[in-house]
Amino acid sequence: MAASASDDQRVRLDKWLWAARFYKTRALAKEAVEGGKVHYNSQRCKPGRLVEPGATLTLRLGYLEKVVIVDEVSERRRGAPEAQKLYHETEDSVKKREDLSWQRKTMQAAQLPPARRPSKKDRRDIQRFRDQNSI
């Protein structure tokens, strides 16, 4: 039985996510798919779903959400420059991520650190305040 060209391009979703370097291990990729953090063409799916070029994947990585389109299919994990050739991120996704990044940076800048470290008396007062509010 000879393998046809279409059989060579049959790759499981969890294996493709691992090969594209979205996750460090296949187990983490499988866990993310089963947990609903990866949607294939806007629908939840199983880790065994076969990936096809042109499919849209929505990935939630931490507090970031990426929308990528599959360009190539590969089951081999290679270097990062080669892995980036397997997909491209949509312009809307890039813009949304940049906006969220800017918001996080401005929120951090708005929270000024204290002028000095708390003194021993300040620490006692803080601890007393916490003890009163925990009851």
Side-chain angles (χ1 to χ4, degrees):
M1 292 175 64
S4 67
S6 63
D7 289 341
D8 295 339
Q9 297 297 341
R10 295 172 57 106
V11 179
R12 293 170 50 103
L13 178 60
D14 60 342
K15 199 166 190 178
W16 186 88
L17 290 168
W18 168 76
R21 294 185 165 264
F22 286 109
Y23 298 97
K24 239 179 182 177
T25 64
R26 276 188 64 191
L28 290 174
K30 179 183 176 194
E31 196 174 298
V33 174
E34 289 173 343
K37 298 199 182 335
V38 178
H39 289 165
Y40 186 91
N41 289 336
S42 301
Q43 294 189 354
R44 283 187 71 162
C45 59
K46 294 182 179 180
R49 172 76 188 238
L50 298 178
V51 178
E52 300 169 350
T56 303
L57 296 175
T58 305
L59 308 161
R60 202 166 54 236
L61 303 163
Y63 48 83
L64 297 176
E65 186 169 296
K66 287 185 177 184
V67 179
V68 298
I69 298 175
V70 178
D71 291 334
E72 295 179 32
V73 177
S74 175
E75 63 180 19
R76 302 207 52 208
R77 186 174 171 103
R78 296 203 168 105
E82 288 183 44
Q84 289 174 347
K85 293 178 185 176
L86 297 178
Y87 64 91
H88 70 275
E89 190 172 1
T90 63
E91 292 178 21
D92 291 339
S93 176
V94 172
K95 186 176 181 338
K96 190 175 179 182
R97 277 192 310 111
E98 288 173 351
D99 289 345
L100 287 173
S101 174
W102 180 79
Q103 286 177 359
R104 279 194 314 276
K105 287 178 185 175
T106 56
M107 290 296 287
Q108 286 177 342
Q111 296 176 349
L112 297 173
R116 59 179 174 79
R117 289 176 49 187
S119 67
K120 192 170 185 178
K121 182 184 181 310
D122 293 336
R123 286 195 302 272
R124 283 192 204 120
D125 291 342
I126 291 168
Q127 188 62 43
R128 195 173 305 119
F129 178 76
R130 285 184 181 160
D131 290 343
Q132 287 175 353
N133 290 333
S134 65
I135 297 174

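- Side chain of Trp16 to main chain of Glu72: a donor-acceptor pair is present (N/O by atom type, distance under 3.5 Å, no hydrogens or angles).
- Nearest heavy atom pair, residue Glu65 against residue Ser93, reads O-OG, 3.7 Å.
- Here the closest heavy-atom approach between residue Gly35 and residue Arg44 is recorded as C-NH2, 3.8 Å.
- Looking only at atom types and distance, the side chain of Gln103 has no donor-acceptor partner in the side chain of Asp99 under 3.5 Å away.
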request  = Report the C-alpha separation of Val33 and Arg12 in whole Å, then their side-chain angles, then the decisive distance to 0.1 Å, and conclude whether the side chain to side chain contact (heavy atoms under 4.5 Å, CB included) test is met.
outcome  = CA-CA 11 Å; Val33 174; Arg12 293 170 50 103; over 6 Å; no

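- Here the CZ atom belonging to Arg21 is positioned 4.0 Å from the CZ atom belonging to Arg77, to the nearest 0.5 angstrom.
- A distance-only check finds no donor-acceptor pair linking the side chain of Asp71 to the backbone of Leu86 [under 3.5 Å].
- Note that the CD1 atom of Ile126 and the NZ atom of Lys121 stand 10.5 Å from one another [nearest 0.5 Å].
- A donor-acceptor pair under 3.5 Å is absent between the side-chain atoms of Arg78 and the main chain of Ala19, judged by distance alone.
- Grouping the Ile, Leu, Val, Met, Phe, Trp and Tyr side chains by contacts below 4.5 angstrom, directly or via other members, places Leu61 with Leu57.
- Atom NZ of residue Lys66 and atom CZ of residue Arg60 lie 15.0 Å apart, to the nearest 0.5 angstrom.
- Between the side chain of Arg123 and the backbone N or O of Pro118 there is at least one donor-acceptor pair closer than 3.5 Å.
- When every heavy atom of Ala29 is checked against every heavy atom of Leu17, the shortest pair comes out as CB-CB, 4.1 Å.
- One finds the CD atom of Gln132 at 11.0 Å from the CD atom of Gln127 (value rounded to the nearest 0.5 Å).
- Note on residues 64-95: pairs passing ring pair (Phe, Tyr, Trp, His ring centres under 6.0 Å), not counting sequence neighbours, are Phe22-Tyr87.
- With rounding to the nearest 0.5 Å, the separation of OG in Ser119 from CG in Asp125 is 8.0 Å.
- When the side chains of ILVMFWY residues are joined at heavy-atom separations under 4.5 Å, either directly or via intervening members, Leu13 and Leu28 end up in a single hydrophobic cluster.
- In this structure, the side chain of Ser101 does not engage the main chain of Arg97 through any donor-acceptor pair within 3.5 Å.
- For residues 26-73, the set of pairs meeting the ring pair (Phe, Tyr, Trp, His ring centres under 6.0 Å) definition, not counting sequence neighbours, is empty.
- The hydrophobic cluster containing Trp18 does not contain Val70, counting ILVMFWY residues as joined when their side-chain heavy atoms lie under 4.5 angstrom apart, directly or transitively.
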request  = Begin with the C-alpha distance, continue with both residues' side-chain angles, and end with the deciding distance and a verdict on side chain to side chain contact (heavy atoms under 4.5 Å, CB included) for Val68 and Leu59.
outcome  = CA-CA 8 Å; Val68 298; Leu59 308 161; 4.2 Å; yes

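- Between Val11 and Ser74, the closest heavy-atom pair is CG1-O, 3.8 Å.
- The structure places NZ of Lys96 at 11.0 Å from CD of Glu89, a figure rounded to the nearest 0.5 Å.
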